[in-house]
Protein chains: 2
Amino acid sequence: MATIKDVAKLSGISRSTVSRVINNHPYVNDEKRSRVKQAMKELGYFPNSSAQRLRGSKTRTIAVLISRIVNPFFSGLVDAMDEVATESGYQLILCNTRGSRERELKYLDLLKTKQVDGVILASVENNWEDIKPYLGYGPIVSCNEYTAQTDIPSFKINHYEATFQAIIHFIKNGRKKIAFCCGDEPIGSDLGVDREKGFFQALSEHDLLFQDEWYFKNVSSVEDGRGVLKRIEKMDDRPDAIFTGSDEVAMGIIAQSQLSSIIVPQDLSVIGFDDQQMSGVLKPGLTTIKQPIKQMGRETMTYMLQILNKQKELAGTEKVLQYKFIKRDT
Amino acid sequence: MATIKDVAKLSGISRSTVSRVINNHPYVNDEKRSRVKQAMKELGYFPNSSAQRLRGSKTRTIAVLISRIVNPFFSGLVDAMDEVATESGYQLILCNTRGSRERELKYLDLLKTKQVDGVILASVENNWEDIKPYLGYGPIVSCNEYTAQTDIPSFKINHYEATFQAIIHFIKNGRKKIAFCCGDEPIGSDLGVDREKGFFQALSEHDLLFQDEWYFKNVSSVEDGRGVLKRIEKMDDRPDAIFTGSDEVAMGIIAQSQLSSIIVPQDLSVIGFDDQQMSGVLKPGLTTIKQPIKQMGRETMTYMLQILNKQKELAGTEKVLQYKFIKRDT
DNA sequence: GTGAAAGCGCTAACAG
DNA sequence: CTGTTAGCGCTTTCAC
């Protein structure tokens, strides 16, 4: 493969000038510039990016950590981030942690090995103490997930408030026996904690009773949702409403209810989370909490790029975006 | 940041030996090995990957070109590819072309600049003649899309046959006025061409008539699907069945039909493509063609890695995977 | 087993 | 404006 040396030789011009042409430096004689370009074309020359990175120590690459790209929430986030990254000539390395602590740390190593300029954390598996040391190697910005312990920028909605509002909605509609679902145990993030707080706060403000069996852990897929409904079916004291924490789980519950005696929403009212595309298409329409995914992704990436360009600091900026409660049939 | 030199100095051992330790070479004295490791830990040393790549000219990174990550078909594909890539210590660069020809070529440049070891083409915007030259810089494998002109490995289903079968299904159910939808104009791929061929072949074998206005171009989103139904509503001679080419479009049609006088499937039978998660959850259940997304993604990536390890050749292997016709309510 | 030395391809002082 | 030169951090002969 042709190198800068070959171009220099063929055009009879020094390597430094060739380099200047590559990098669009201003002070180059027009005639030489075109001779160089000619030679580059003839040789099919392209600059080796590893060499450029080694010299310049910039990669124009960002690692985006998510738990799973098939989750529409994450693919939407990544899509939004990708939009702004590409606009500025940056690339994304897709880091599907699949919920693994080690894999997450391995991806964070990209910062140490200088394969990326920065890391965006859109899911978190490890404790903050384990992640913190990586800050010494480059900027980390968090999106969606967050902890109070953190001193890095974060972009998110208020999950406490959103959940609280959802439960109040149930209560206003006369529901008294409200169930709660959550995904994985919250390790390094307060997101799950805040949802739970909002839930119980609403309950206690209205003196509602809660049964332990109405608390569903580790549910996050459509299949999990189906399982939840099956368990409800077997209960003596069934809930009359359920906060699912995810549209997938909600859809699973609804789908399974159609195979059971439980009718949604008459017997069981359901609230999802995210407002995924299909939530409005489904019949009955899913009531849900819409996160500003696109905005969240774009703002996070924009901020990251500003940090890399020294326009912003890696300080504890915290941006709370507005969610939207979407009332449909369930 | 610490370099190999620092480690060498601190441990009092030469750079070459340090390098050997990094790369787990066998011939290193145990005592020195641990002294080196100790020094690395003390300094927080990590090898600079740009330097390693420059020396070794391998990046262990694959570019995956897709049109849009939010499309569940593509995110499923990427997820499957990512699984096998990670298993072998490879990374993925996400290349969302968003349907842009230039962006596609820009991503192909990653091969020229040696930022990736190979490229997987899961969507195609350019003509094959424009892509072919890139083969000189590294392996390209295609997945889902394909052309007869191509001499690269490809993994796909038989779209001609799948479409043909779908239309025959309509016909067997007594439908006589069948509409057709397609996405973007097929430029560098025969996928769309084959679907169209299958469609018209089935029609002509059963002497069915076709109206030009039943041919819908450039429809690919839920919103597009809604638009299709609105147009059908206004027709004097309405189709009684529609092949949508995508579950999204199908869902849009169904959702919109619920706001109209047209009843699915009585008045209009619908067949999707892909069998996305929600297709079975929806009511009415969507009849669709299920592609083996996971298998397709895994096999493609596996083959790519084998090429990179010289276990396979970059020849015109063509693997046709099995799709599945899923009959539901529509 | 181990170290010295060359060089991967590029950029950026520096001197002219 | 342009060329010379010195590395960026690493791996890999080659000789000991």
Side-chain angles (χ1 to χ4, degrees), chain A residues 1-40 43-61 109-117 137-138, chain B residues 1-40 43-61 109-117 137-138:
Chain A
M1 228 78 294
T3 74
I4 204 172
K5 214 169 161 181
D6 302 317
V7 177
K9 203 182 298 172
L10 180 61
S11 61
I13 293 170
S14 79
R15 278 151 54 186
S16 20
T17 301
V18 174
S19 169
R20 287 186 190 104
V21 172
I22 294 170
N23 295 286
N24 281 314
H25 272 277
Y27 303 131
V28 180
N29 181 330
D30 277 351
E31 187 256 327
K32 296 206 174 180
R33 185 186 298 275
S34 63
R35 263 208 286 156
V36 168
K37 287 200 169 163
Q38 174 58 28
M40 296 201 300
L43 293 165
Y45 169 78
F46 269 76
N48 177 314
S49 73
S50 298
Q52 289 184 311
R53 289 175 178 197
L54 179 56
R55 254 330 290 250
S57 74
K58 280 287 152 276
T59 64
R60 297 191 83 76
T61 307
D109 281 344
L110 293 174
L111 222 42
K112 295 190 173 177
T113 60
K114 302 233 182 319
Q115 269 192 79
V116 299
D117 296 341
Y137 298 87
Chain B
M1 229 77 295
T3 75
I4 204 173
K5 216 170 160 181
D6 303 317
V7 178
K9 204 182 298 172
L10 181 62
S11 61
I13 292 170
S14 79
R15 280 152 50 186
S16 12
T17 302
V18 174
S19 169
R20 288 188 188 103
V21 173
I22 294 170
N23 296 287
N24 281 314
H25 273 274
Y27 302 130
V28 179
N29 180 332
D30 277 352
E31 187 254 328
K32 298 208 173 180
R33 185 186 296 275
S34 63
R35 263 208 287 157
V36 167
K37 288 201 168 163
Q38 173 59 28
M40 296 200 300
L43 292 165
Y45 169 79
F46 269 76
N48 177 313
S49 73
S50 299
Q52 289 183 311
R53 289 175 179 195
L54 180 56
R55 255 327 293 251
S57 76
K58 282 285 154 278
T59 66
R60 296 190 84 76
T61 307
D109 281 344
L110 293 174
L111 221 41
K112 296 190 173 178
T113 60
K114 302 230 183 320
Q115 268 192 80
V116 299
D117 296 340
Y137 299 86

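Naming: A, B, ... by sequence-line order, numbering from 1 per chain. Predicted model only: the values in this text are computed from it and were never measured. Side chains included, hydrogens not; waters and symmetry mates left out as well; all remaining heavy atoms used.
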Verify, without hydrogens or angle tests, whether B:N23 (side chain) and B:H25 (backbone) share a donor-acceptor contact under 3.5 angstrom.
no
Would you say the side-chain atoms of A:D117 pair up with the backbone N or O of A:K58, donor to acceptor, closer than 3.5 Å?
no
DNA chain C: B:R55 or B:I13, which has the more 5' nearest nucleotide?
B:I13
Within this structure, what is the [atom1]-to-[atom2] distance between [X] and [N], rounded to whole angstrom?
X     : N      : atom1 : atom2 : value
B:K9  : D:dG9  : NZ    : C1'   : 14 Å
B:Q52 : C:dG9  : CD    : P     : 17 Å
A:Y27 : C:dA13 : OH    : C1'   : 16 Å
A:N24 : C:dT11 : CG    : P     : 12 Å
A:L54 : C:dG7  : CG    : C1'   : 12 Å
B:I22 : D:dG9  : CD1   : C1'   : 10 Å
A:R20 : D:dT4  : CZ    : C1'   : 11 Å
A:K5  : C:dA6  : NZ    : P     : 14 Å

Using a heavy-atom cut-off of under 4.0 Å over every strand shown, decide if B:R53 touches base, sugar-phosphate, or nothing.
nothing
Counting the atoms with a prime plus P, OP1 and OP2 as sugar-phosphate, which does B:S19 contact under 4.0 Å by heavy atoms, base, sugar-phosphate, or nothing?
base
Nearest to the side chain of [X] - [options]?
X     : options               : result
A:H25 : D:dG9, C:dA12, C:dT11 : C:dA12
A:I4  : D:dG3, C:dT11, C:dG3  : C:dT11
B:T17 : D:dT2, C:dG3, C:dC10  : C:dG3

Less than 4.0 angstrom between a side-chain N/O of A:K114 and OP1 or OP2 of D:dC10, yes or no?
no
Presence of A:N29 side-chain N/O under 4.0 Å of D:dT2 phosphate oxygens OP1/OP2
yes
On DNA chain D, nearest-nucleotide positions of A:R15 versus A:D30: which is more 5'?
A:D30
I would like to know whether B:Y45 and B:V36 meet side chain to side chain contact (heavy atoms under 4.5 Å, CB included); could you show each step before the answer?
CA-CA 11 Å; B:Y45 169 79; B:V36 167; over 6 Å; no
B:T3 versus B:N48: any side-chain heavy-atom pair under 4.5 Å?
no
In the structure I gave you, are the side-chain heavy atoms of A:L111 and B:F46 within less than 4.5 Å of one another anywhere?
no
Using only heavy-atom distances, decide whether a donor-acceptor pair under 3.5 angstrom links the side-chain of A:S16 to the base of D:dT4.
yes
